[in-house]
Amino acid sequence: FTYFKKCEKRDIKELYEIPCPNGLPLIGNITEIFKNTDDLWNISRRRAVDYYPIYRLKMLNENVVFLLNPEDCKMILGGTEGLIKGPYYDSFRKLSGNGLVVNHGESWRKRRKLLTKHFHFSTLSNYVDMFNREINHLIEALQKNMDQCVDVAFYVRNMTFNIINDTLFGNISAITSKESREYLESMATVTEVSLLKALKPHLNVLWPFLKLKKVEDDALKKMDGYISKAIEESCGKHCQNEIDISNMLSLLRSAPLLFDSTAIRNEIDTFIFAGQDTTSTSLSFILMVLANYPKHQETLFKEISNVIGDRRTPTSVDFTSMEFLDRFIKECLRLYPPFIMSQRLLLKELITTTGYRLPAGTIVFVSIFDIQRNPNLYPDPEVFDPDRFLMENVVKRHPFTYIPFSAGPRNCIAQKYAILTIKTSICRILQNFQIEPVTMIDNIEFCIDAMLQVKNGIKVKFRKR
Ligand code: HEM
């Protein structure tokens, strides 16, 4: 009791002015971790609307604040001083040391500057041929399953994984499809285990004695073996040559003062982790939306046909003439942002624009999913309407109401690369197939996962066009 009381005093009383759902004396809202995850998802979404623009949860002696107001989010996401990535990223730290996602300060700044070269517009246009090559494999696989109910995540995940491998290592051949599959399975296991630990923190105490620890260790070992093999082959093949900035490993090796062998390894792990599930989740949801809105699918197909016909593969220049494709993808990422929350730990006090004082030590969440579906920011937020992204409508909104790639200095370094992957994939898929729905949007149920997910996966049918 004395311990909790002491902690409460330390918890600067201003925090208590922030609205907080009823909890139990002393321990606050901590019992929520015992709720089933469906309930937790639904309660959190309701709160984001009811408590807009801010609310707080008290978890024992820890206070966690949820920001929903775009100007407050700008303060958090727009800054790099006085805050770092919070404990939500611990699984990332475990996997990738101080790779770019969790790094901070001078080390982050220098590394970000160098790595930005890799995702510069002039480098990106070189990727489109490689994207097209990998998309050909996807199309072949889908052709074999035409007219059947297909779980899109499986196919899309393989493709985005191959694309990221090519981007990181250049074209390597020693990795077999069995090894790639094993890597993806291990990655899914590690992500699942990390999520479990984040949602049920009491498990951390028992962890060394649980069977799951061995499962986690085995998966980590497999992933490690895969990356070592890929690095070894890529170095043998590419690294004696001049720096090739479209091969990220070669770029990392060109700056030994910034990246020693551990740091190289950390960045490779980071980029696979940050890039794989985000892109494949986005593409899966976009395919679901296309299937569910045949009118939009036809409009998009016509636009693509007008620009590149029904055979030619797109180049990055072609996309500048595909205005509807751009708005369509933005509306998909508004309703279905794969990365649903960003988190920071405050190192110094911050006063929100809504007038609340957040002391150093506060954990702050910016809920991307909830901001982009908030009725105060988007009227009829659940309605899918690409016209929201017509310029005349965009200028009326605060820029931090649309943040699927976050915003500010810590935004997604590979945003343009990801959009290019998505646009190329959609063009090629629609040139080849009509997509019909199996999973109906009105019936989907989201579930808590590392990325935005729906229960039972996303299923569609591909028909020959
Ligand atoms: C549609 C696909 C993607 C989405 C929606 C997305 C979203 C995001 C978001 C929201 C952040 C900020 C995270 C935070 O605040 O902590 C982020 C950061 C990052 N993303 Fe992405 N991402 C995508 C694709 C990719 C890809 C393909 C890569 C790599 C190949 C990548 C690499 C990174 C890295 C390294 C960071 C950390 C940047 C920094 O802190 O300086 N992302 N991404």
Side-chain angles (χ1 to χ4, degrees), residues 15 18 28-30 32-33 35 37 40-41 43-45 47-48 54-68 72-73 75-80 82-105 108 187-188 190-205 207 216 266 269-270 273-278 281 337-347 350 358-372 403-413 446-453:
L15 264 178
I18 301 176
N29 310 93
I30 189 77
E32 301 210 346
I33 63 170
K35 283 202 164 75
T37 50
L40 207 53
W41 173 271
I43 291 170
S44 307
R45 303 295 73 80
R47 274 180 192 152
I54 188 170
Y55 72 96
R56 169 179 65 93
L57 291 181
K58 179 174 156 44
M59 313 297 264
L60 293 177
N61 59 326
E62 195 86 77
N63 278 284
V64 183
V65 172
F66 292 80
L67 295 180
L68 298 149
D72 284 347
C73 297
M75 285 177 74
I76 296 293
L77 301 177
T80 52
L83 36 80
I84 54 172
K85 300 279 172 104
Y88 184 57
Y89 297 80
D90 281 352
S91 54
F92 234 100
R93 289 188 177 93
K94 183 164 181 196
L95 272 160
S96 60
N98 64 347
L100 202 67
V101 170
V102 289
N103 203 345
H104 56 93
W108 167 78
M187 185 166 152
V190 170
T191 315
E192 220 172 286
V193 166
S194 305
L195 183 75
L196 183 71
K197 283 192 202 166
L199 289 173
K200 316 273 175 209
H202 55 286
L203 284 183
N204 286 299
V205 183
W207 200 248
E216 185 188 32
N266 288 341
D269 285 332
T270 295
F273 246 77
Q276 163 60 24
D277 272 359
T278 42
T281 302
F339 192 83
I340 60 172
M341 292 214 187
S342 190
Q343 193 206 54
R344 300 289 187 271
L345 171 67
L346 299 187
L347 300 179
L350 187 138
L358 311 181
T362 308
I363 292 170
V364 180
F365 274 103
V366 170
S367 176
I368 299 172
F369 183 90
D370 293 315
I371 290 168
Q372 296 184 165
I403 47 173
F405 293 99
S406 185
R410 301 282 323 226
N411 71 349
C412 179
I413 192 171
F446 293 107
C447 47
I448 291 191
D449 209 319
M451 294 285 136
L452 188 67
Q453 291 295 345

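In this structure, CD1 in Ile84 is found 10.0 Å from CZ in Arg410, a value given to the nearest 0.5 Å. Rounding to the nearest 0.5 Å gives a distance of 5.5 Å between SG of Cys73 and CG of Leu67. Atom-to-atom distance recorded for Phe92:CZ and Leu100:CG is 10.0 Å, nearest 0.5 angstrom. Rounding to the nearest 0.5 angstrom, the gap separating the CD1 atom in Ile340 from the CD1 atom in Ile368 is 9.0 Å. Ile76 CD1 to Ser342 OG: the interatomic distance, rounded to the nearest 0.5 Å, is 9.5 Å. Annotation: the span from Leu57 atom CG to Ile18 atom CD1 amounts to 11.0 Å, rounded to 0.5 Å.
Side-chain atoms of Ile403 and Gln372, non-hydrogen and from C-beta on, do get closer than 4.5 Å to each other. With contacts defined as side-chain heavy-atom distances shorter than 4.5 Å, the pair Leu350/Met75 qualifies. Considering only heavy atoms from C-beta on, Thr278 stays 4.5 Å or farther from Phe405 through its side chain. Using a 4.5 Å cut-off on side-chain heavy atoms (C-beta onward), Leu68 and Ile54 make no contact. Side-chain atoms of Thr80 and Trp108, non-hydrogen and from C-beta on, do get closer than 4.5 Å to each other. Between Val101 and Thr270, the closest side-chain pair of non-hydrogen atoms falls below 4.5 Å. Side-chain contact check for Val65 versus Phe365: every heavy-atom pair is 4.5 Å or farther apart. A heavy-atom distance below 4.5 Å is not found between the side chains of Val366 and Met341.
A salt bridge links Lys94 to Glu216: one of the charged nitrogens lies within less than 4.0 Å of a carboxylate oxygen.
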Arg56 and Glu62: CA distance, side-chain angles, deciding distance, salt bridge (charged side-chain N to carboxylate O under 4.0 Å, His left out) verdict: CA-CA 10 Å; Arg56 169 179 65 93; Glu62 195 86 77; over 6 Å; no
Worked verdict on Cys447 versus Thr37 for side-chain contact (heavy atoms from CB on, under 4.5 Å): CA-CA 7 Å; Cys447 47; Thr37 50; 5.9 Å; no
Begin from the C-alpha positions of Leu345 and Leu83 and carry the test side-chain contact (heavy atoms from CB on, under 4.5 Å) through to its verdict. CA-CA 6 Å; Leu345 171 67; Leu83 36 80; over 6 Å; no
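In this structure a side-chain-to-backbone donor-acceptor pair under 3.5 Å is missing from Gln343 to Lys85. Between the side chain of Arg93 and the backbone N or O of Gly99, no donor-acceptor pair lies under 3.5 Å. Side chain of Asn29 to main chain of Lys58: a donor-acceptor pair is present (N/O by atom type, distance under 3.5 Å, no hydrogens or angles). Formation of a donor-acceptor pair under 3.5 Å by the Asn103 side chain with backbone atoms of Asn98 is found in this model.
Across every non-hydrogen atom of Pro87 and Ile363, the tightest pair is CG-CD1, 3.7 Å. Asp269 and Ser96 get closest at one heavy-atom pair: CB-CB, 3.9 Å. Scanning all heavy atoms of the two residues, the minimum distance from Phe273 to Leu95 falls at CZ-CD1, 3.3 Å. Taking all atoms of both residues into account, the shortest heavy-atom contact from Met59 to Ile30 is CB-CD1, 3.9 Å. Between Asp370 and Ser367, the closest heavy-atom pair is OD2-OG, 2.6 Å. Heavy-atom minimum distance, Gly78 versus Pro409: O-CD, 3.4 Å.
Sparse packing is recorded around CD of Glu192, with 12 or fewer heavy atoms of other residues, nucleotides or ligands lying under 6.0 Å away.
Aromatic rings from Phe446 and Phe369 are positioned such that their centres are separated by under 6.0 Å.
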